[in-house]
Amino acid sequence: MTEKIAVFPGDGIGEEIAEEAIKILDVVNHKYGFSIEIEKALVGGVAYEKCGNPLPDDTLQLAIDSDAILLAAVGGPQWESLDYSVRPERALLGLRAKLDLFANLRPAKIDPALIDSSTLKREVVEGIDIMVVRELVGGIYFGEPKGVTKNKDGVEKGINTLVYTTPEIERIARVAFEMAQIRNKRVCSVDKANVLESTELWRRVVTEVHNDYKDVDLSHMYVDNCAMQLVRYPRQFDVIVTTNLFGDILSDEAAMLTGSIGMLPSASLGSEKHIRDNLDYGYKGMYEPVHGSAPDIADQNKANPIAIILSVAMMMKYTFGYPDAAKDIEDAIQNVLNGGYRTQDIYTKGMKQVGTKEMGQLIASSIK
Ligand code: NAD
């Protein structure tokens, strides 16, 4: 049975790093005898230039018809003055909403070879391996009413509404508990239940869902404390599950613990299962590096392709149920870093500096 991956390179460094990710997909496809088929399409600024729409209908249809999507990055200064409705970044929101990608997974794991790239002390960050599970299509970013109104005296009022329903909380809690079951069996649910009623409901529902996952330890933490604990003693965390807004902030904070933005992958999963031979192996989803399109280094063979290659590893794990292939990719990256090879963003004295293509090739060769 053929498994279909849509690849959307997008803008800036997108094309260069997507090419290296495809190289890795080809290698694992061949090594393990998978039937993975890849189809590319335009998204973001390049799609706007060609079709007047950052998310053309053909691209959206391909996303809907695929088992997984690999998106490199969108955006660039040349599109910053466009109307908000056709800005490249709208494509991301469109894909998340249309595919109902409600669970955003952002791992923050420190690579032992790069420990000194972190701005925090070695003894604080050593050994951290955190998965932030952020609810992605609800909460204050989407709640109604919202907007800015003006009263008759000319006083303006800005409104956003924090809304969560029981089913929305239940489904994200299940993803977090399932994630913890294949990791270190601890979930910390982050809320502001002492002040915000909607997150009081969040805490109650997460606690109820926990009854189905008794092999996992559950703790609760207020968001302000969590922000502090992440820099004080980050090793205490395994899986953090939280709302859209809190997750947006905490996942960036957790990411910074690891040092380099060019190293961080992410996954956004929907509720539709990926079925192969009548068995479900994971969730359909979209996989992306955490970084943007880095226009300052585009087309110079300088971009670090590791974040997008790690996104491919997440895809193998969470959509296709191929954990061996995922581990192979992760081990290959580790080998190459242990061999002293670095792109310019993670280069330190005494290491061997390589470009995007060379880094991709080294990782691909290490998998073979
Ligand atoms: P950015 O992540 O693109 O770049 C920030 C800095 O990190 C730059 O110095 C860049 O050179 C460096 N960098 C990023 N990725 C790198 C990589 N793989 N290898 C080496 N260095 C890397 O963030 P920005 O400059 O704020 O945004 C640039 C554009 O990207 C904007 O248009 C923004 O809207 C867009 N953006 C897109 C996404 C996305 O597609 N998911 C996310 C963030 C920003």
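Values reported hereafter were calculated over all heavy atoms of this structure, with side chains retained and with hydrogens, waters and symmetry mates removed. Numbering of ligands and ligand atoms starts at 1, following listing order.
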- Give me the ring orientation class for His274 and Phe320: parallel if the planes are under 30° apart, tilted from 30 to 60°, perpendicular past 60°. perpendicular

Tabulate below the donor-acceptor pairs under 3.5 Å that side-chain atoms of residues 32-39 make, not counting sequence neighbours, or state none.
residue	atom	partner	partner atom	Å
Tyr32	OH	Asp324	O	3.4
Tyr32	OH	Asp328	OD2	2.8
Glu39	OE1	Lys4	NZ	3.4

- Note on the structure: The protein residues that pass the under-4.0 Å heavy-atom test against ligand 1 are Ile13, Ala73, Val74, Gly75, Gly76, Glu89, Leu92, Ile261, Gly262, Glu288, His291, Gly292, Ser293, Ala294, Pro295, Asp296, Ile297, Ala303, Asn304, Asp345

- Pairwise salt bridge (Lys or Arg N to Asp or Glu O under 4.0 Å) hits with a residue in residues 238-260, at least two apart: Arg106-Asp252, Arg134-Asp248, Arg183-Asp238

Could you pull out all donor-acceptor pairs under 3.5 Å where a side-chain atom in residues 19-28 meets a protein atom, sequence neighbours excluded?
residue	atom	partner	partner atom	Å
Glu19	OE2	Lys357	NZ	3.1
Glu20	OE1	Lys23	NZ	2.6

- Task: Kindly indicate, with the supporting measurements, whether the criterion side chain to side chain contact (heavy atoms under 4.5 Å, CB included) is fulfilled by Tyr222 and Arg203.
- Result: CA-CA 10 Å; Tyr222 296 136; Arg203 186 174 285 219; 3.2 Å; yes

- Query: Should we say atom CD of Glu197 is surrounded by more than 12 heavy atoms from elsewhere, each under 6.0 Å from it?
  - Reply: no

